[in-house]
Amino acid sequence: MAETDLTKIRNIGITAHIDAGKTTTTERILYYTGVSHKIGEVHDGNTTTDYMAQERERGITITSAAVTCEWKNHNINIIDTPGHIDFNIEVNRSLRVLDGAIFIIEGVAGVQPQSETNWRLADRYNVPRLIFINKLDRTGADFYRAFDTLKEKLDIVALPLQLPIGIEDGFLGVVDLVEMKAIIWEGGELGAKFHDEEIPADMLEKAKEARQVLLDTALAVDDAGMEEYFEKGDVSVETLKRAIKTGTITGAFRPVMCGTAFKNKGVQPLLDGVLDYLPSPVDVPGIKVAPEEGQDEDPNARRIKADPAAPFAGLAFKIINDKYGSLTFVRVYAGTLKSGDSVLNTTKGHKERIGRMYKMHADKRQEITEVVAGDIAAFVGLKDTGTGDTLAAAEDPVVLERMAFPVPVIDIS
Ligand code: GDP
């Protein structure tokens, strides 16, 4: 089997205040990544219900614990992050197992309470974040006002990577400040196409100013980029992207993109942004080993790095019962696991034998024979492993989580 390139994996979550567009954005992403050719329109109750009913029929839903899609030769695992406050425990755990997140903010209302709550949780786990200001087509949408609420409510350095061209009915596209070009969409709502253009003359000054802010802010965290800038007076797109990614991972600033998921404007650039600016499993420091029973969290605790050759370690983060039985979703942190292998459930202290393993796509489940560090898979037939349990190789029986969480089991059979 070809070796998995860990730099081409992204484990991300999408989070939003209710109604800001998480479902729509997720569906558009699945559409563009080709795993889902039918789109459930959330504004049209029937279609959505049909869509969800069909998905349920197949035992997989887009609200599955983790769905894998492909974009430009990368595998993006989208991990479901429940938006509602009641699911705080689940939000906590899902934030733990992902390496980056998209925060969707409403273009009319700006930052809303649930986003604030989830933002603080993401802070706790140092999750790198991309912000997407959505619904710019709506009456009353105002990118700049929504942008201001990022600073006011989240107290962050928000860094626009794009500026909108037009607004409300007249929202046409964006100025891409990284490549300094305009992206204009045309055509129908589904499968809308875009093309690159010159930046509209009336926006040029504003775009230049915004790009200068982008350069100053991004290059401040990237010595090599700063050097290139001093030498040439500008930097290459690659350098700028690397600098933005560095700032995103360190939390020095939070990049902001925008569009309308519903009208399909901005979703493809957002997917590019996931590849360019959110980290792969090898870009992040790795999960900390849990403290001994009764001990406090140790800031210097050993971290498990994404190394396929290391002893296996993974965290069960969700269990879903569907008509095929019980699926245990596991984020693999280290090692390589093959079906038929035996591991320890180090939380409960017993052995588990690994049976079938799957990758979940929006429209099918794909059986796999091995899963490597950094990736996510669903296991069938574990005998007694709950959410939050660690599975690890007997030679290095680490425990990754010791929080006393109730076990959320979703039943969709
Ligand atoms: P969620 O609760 O965050 O999952 O939000 P949904 O994706 O279900 O969207 C809530 C409502 O907003 C639905 O009626 C969508 O059709 C609508 N919606 C989502 N994105 C957009 C957008 O970009 N523009 C407009 N005008 N409506 C949108």
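Just so you know, ligand 1 is whichever comes first in the structure, and atom 1 is the first atom listed for that ligand.
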Just let me know how T24 lines up against ligand 1, side chain, backbone, both or neither, with a heavy-atom cut-off below 4.0 Å.
both
Enumerate the atoms of ligand 1 whose separation from the nearest heavy atom of K22 is less than 4.0 angstrom.
1 (P), 3 (O), 4 (O), 5 (O), 7 (O)
Using a 3.5 Å cut-off on N or O atoms only, is D19 in polar contact with ligand 1?
yes
Check each atom of ligand 1 against the heavy atoms of I18 and keep those under 4.0 Å away; list them by number with element.
2 (O)
Any nitrogen or oxygen of L136 lying under 3.5 Å from a nitrogen or oxygen in ligand 1? Just yes or no.
no
Tell me whether D272 is salt-bridged to K241, with the criterion being a basic N under 4.0 Å from an acidic carboxylate O.
no
Check for me whether E27 has a heavy atom closer than 4.0 Å to any atom of ligand 1.
no
Within the 4.0 Å heavy-atom shell around H17, which atoms of ligand 1 are there?
3 (O)
Scanning both residues in full, the closest heavy-atom pair of G225 with V235 reads O-CG1, 3.5 Å
Parallel, tilted or perpendicular: which describes the rings of W119 and F103, with under 30° parallel and over 60° perpendicular?
perpendicular
Need the ligand 1 atom indices (1-based, order shown) with element for anything under 4.0 Å from a heavy-atom of T260.
22 (C), 23 (O), 24 (N)
Should we count CG of D384 as having more than 12 external heavy atoms under 6.0 Å?
yes
Counting from 1, what ligand 1 atoms have a heavy atom of N134 closer than 4.0 Å?
20 (N), 21 (C), 23 (O)
Do we see a donor-acceptor contact under 3.5 Å between the side chains of H361 and Q366?
yes
Do K265 and D137 meet the salt-bridge criterion of a basic N to acidic O distance under 4.0 Å?
no
Does a salt bridge link K288 with D298, judged by any charged N lying under 4.0 Å from a carboxylate O?
no
Ligand 1-proximal atoms of K263, by part, heavy-atom distance under 4.0 Å:
neither
Quick note on ligand 1: atoms under 4.0 Å from a heavy atom of G21 include exactly 1 (P), 3 (O), 5 (O), 6 (P), 7 (O), 9 (O)
For ligand 1, is there an N or O atom under 3.5 Å from any N or O atom of K135?
yes
Numbering as shown, the atoms of ligand 1 that approach A261 to under 4.0 Å (heavy-atom distance):
23 (O)
Between D169 and K263, does at least one N-O distance fall below 4.0 Å, as a salt bridge requires?
no
At a non-hydrogen distance cut-off of under 4.0 Å, which region of D137 contacts ligand 1 (side chain, backbone, both, or neither)?
side chain
Decide, yes or no, whether a salt bridge links D80 with K22 under the criterion of side-chain N to carboxylate O below 4.0 Å.
yes
